[in-house]
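Given the structure is predicted, the values throughout are model-derived calculations rather than measurements.
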Amino acid sequence: MTQQPTSDSATERSVETVFRLESPRIIAAVTRTVRDIGIAEELAQDALVAALEQWPRDGVPDNPGAWLMATARHRAVDLIRRRETYARKLAEIGRTLETTTPPAEPSAPDDIDDDLLRLVFTACHPVLSAESRIALTLRLLGGLTTPEIARAFLVPEATVAQRVVRAKRTLATKNVAFEVPYGPQREARLGSVLEVIYLIFNEGYAATAGDDLLRPALCEDALRLARVLSGLMPKEPEVHALTALLELQASRSAARTGPTGEPVLLKDQNRSRWNRMLIARGFTALARAEAAGATTTTSGPGPYALQAAIAACHAHAHSYDDTDWPRIATLYAALATRSPSPVVELNRAVAVSMAEGPIPALRIIDTLTSEPALRDYHLLPSVRGDLLLRLGRRQEARTEFLRAADLTQNERERDLLRARAQECAP
């Protein structure tokens, strides 16, 4: 049964919301049919246009995601039929696709039986630069917009747009197949795949823009992909470590927002709302990572293992004050050595502030104010404001909170930061 038509604006919002949630699956499924990521994205967009035209008139379907998927698939069939080369053969494929499920591809014991994960590995093909692989996959699989990806990477929007366009063109011109990589090929793409899954989760855990702090569907997709990957590659410590990190981070989701969706800071969260099952799963995955690392690496824990260990410290603590902050500061120092970045230093400063006090932490923060990558990063003035407030420098803290509020694109975070600035007023 189709829902009765509503106002055009309400329907358009429904269409855009559903498309944002469903587009990764639609693109992945259509890519399997047309074997071209760029064309698959265009067909998904065609389905969106069709929904914007029909739903205001006919009403929103009971299963809007399935409607979009079916529409995109039918357009893929039509495209196959229209192709001039191999027209007769492709027309037969098109007729078959209308009534049957695509035949299963040859399987192997460690085959990736998941279109989304296939799409990740395909988009992370070595013919693309590392930056292009990640930008393309976040665009297609994470459903992130160009501005959101730009903020995640702390680079200009034009740079991201160019990377995405070039990546799709390269995959098409190089005839990169939508296939399952095995052995060394899979291992060669693993680093990019792990980073993409991590960034997709981060966008779901703390949305860079919009009215909501959380985008749970992205967290769920990333977590599921990490779990599948850990089953496929049981000897890779960083795969288990990433899974552990996401399990432990996801365990806090219910406590991260209040009754009206407002953000709740870590120190104020009700830890009884943390999901104990996810915490247990995280501890198990971390133990697997440590066991795998003991037999396969000699360079010590990788970056995801270090971040998972930090998350485990929080999960073990009964309260914010009981947290082992000196250990977290040590782990962040190790992470800064293993994977140096301004954001890691910013997080280390927070841990140092809890372990040693705000003054040494402020020294770290002040060395980051000239970092070009953090120039428009709202968390830098936010953390600096918190440190200044703890030192009693209320007016300076207020200025920093207001600056952070101006920089963030997330409405919930903006409200929180403005509230903190108001608390600093004389």
Side-chain angles (χ1 to χ4, degrees), residues 9 12-21 23-24 48 131 134-164 195-196 198-222 249 252-253 256-258 260-266 341-344 346-347 350 365 368-369 371-386 397-424:
S9 59
E12 287 176 6
R13 287 195 299 272
S14 297
V15 174
E16 290 166 0
T17 299
V18 172
F19 184 77
R20 184 155 186 154
L21 292 172
S23 62
L48 171 63
E131 295 84 1
I134 295 168
L136 177 64
T137 313
L138 289 176
R139 179 75 183 89
L140 299 179
L141 201 88
L144 276 65
T145 64
T146 298
E148 288 168 347
I149 300 171
R151 291 185 68 80
F153 281 104
L154 305 176
V155 297
E157 292 180 22
T159 300
V160 173
Q162 291 171 0
R163 288 175 184 173
V164 171
E195 186 170 4
V196 163
Y198 176 61
L199 290 172
I200 290 171
F201 181 89
N202 280 351
E203 178 59 27
Y205 192 71
T208 55
D211 297 330
D212 298 315
L213 179 69
L214 304 177
R215 294 173 60 185
L218 286 183
C219 290
E220 291 166 6
D221 273 347
Q249 294 285 77
R252 306 181 209 157
S253 294
R256 295 190 66 241
T257 55
T260 61
E262 71 278 10
V264 178
L265 298 174
L266 179 62
S341 82
V343 174
V344 171
L346 179 60
N347 288 326
V350 174
I365 292 293
L368 298 175
T369 56
E371 283 285 347
L374 297 183
R375 183 183 58 190
D376 297 323
Y377 191 47
H378 71 283
L379 291 182
L380 177 61
S382 174
V383 171
R384 193 168 191 275
D386 185 69
R398 181 175 182 272
T399 299
E400 294 292 340
F401 286 136
L402 288 175
R403 179 167 176 266
D406 289 338
L407 288 174
T408 185
Q409 300 298 310
N410 186 281
E411 291 296 333
R412 296 293 187 174
E413 284 189 316
R414 183 177 293 115
D415 291 343
L416 174 64
L417 290 164
R418 285 174 175 167
R420 298 204 70 191
Q422 184 64 33
E423 292 171 2
C424 297

Open item on the list: Please report the interatomic distance CD(Q422) to CG(L402), rounded to the nearest 0.5 Å.
Closed with: 9.0 Å

Task: Nearest atoms (heavy-atom pairs only) where E413 meets P263 - done: N-CG, 4.2 Å

Task: side-chain contact (heavy atoms from CB on, under 4.5 Å) partners for E157, two or more places apart - done: T146, P147, A150

- [ ] Would you name the heavy atoms of R375 and L407 that are closest together and state the gap between them?
- [x] O-CD1, 4.2 Å

TODO: Looking only at non-hydrogen atoms, find the nearest pair between I200 and A222 and report the distance.
DONE: CG2-CB, 4.0 Å

TODO: To the nearest 0.5 Å, tell me how far R139 CZ sits from I149 CD1.
DONE: 6.5 Å

TODO: Ignoring hydrogens and angles, tell me if any N or O in the side chain of R256 forms a donor-acceptor pair with the backbone of Y205 under 3.5 Å.
DONE: yes

- [ ] Return the minimal non-hydrogen interatomic distance between T257 and V264, and the atom names on each side.
- [x] C-CG2, 3.6 Å

Task: Point-to-point distance, once rounded to the nearest 0.5 Å, from CG of D386 to CZ of R420 - done: 4.5 Å

TODO: Not counting sequence neighbours, which residues clear side-chain contact (heavy atoms from CB on, under 4.5 Å) with E371? List them please.
DONE: P342, L368, L374

Open item on the list: Using 0.5 Å steps for rounding, measure from the CZ atom of R403 to the OG1 atom of T399.
Closed with: 11.0 Å

- [ ] Give a yes or no on whether a salt bridge exists between R384 and E400, defined as a side-chain N under 4.0 angstrom from a carboxylate O.
- [x] yes

Open item on the list: Testing the basics here: between Y377 and L346, what is the closest heavy-atom pair and its distance to 0.1 Å?
Closed with: CE2-CD2, 3.7 Å

Task: Interatomic spacing from CD in E423 to CZ in R398 - rounded to 0.5 Å - done: 12.0 Å

- [ ] Quick one: do N202 and Q249 satisfy side-chain contact (heavy atoms from CB on, under 4.5 Å)? Show the steps, please.
- [x] CA-CA 9 Å; N202 280 351; Q249 294 285 77; 5.6 Å; no

TODO: Kindly compute the distance separating CG (L379) from CG (L417), expressed to the nearest 0.5 Å.
DONE: 8.5 Å

Task: Under the ring-ring contact (aromatic ring centres under 6.0 Å, His included) test, residues paired with Y198 that sit two or more places apart - done: Y304

- [ ] Search all heavy atoms of G204 against all heavy atoms of C219 and return the closest pair with its distance.
- [x] C-SG, 3.3 Å

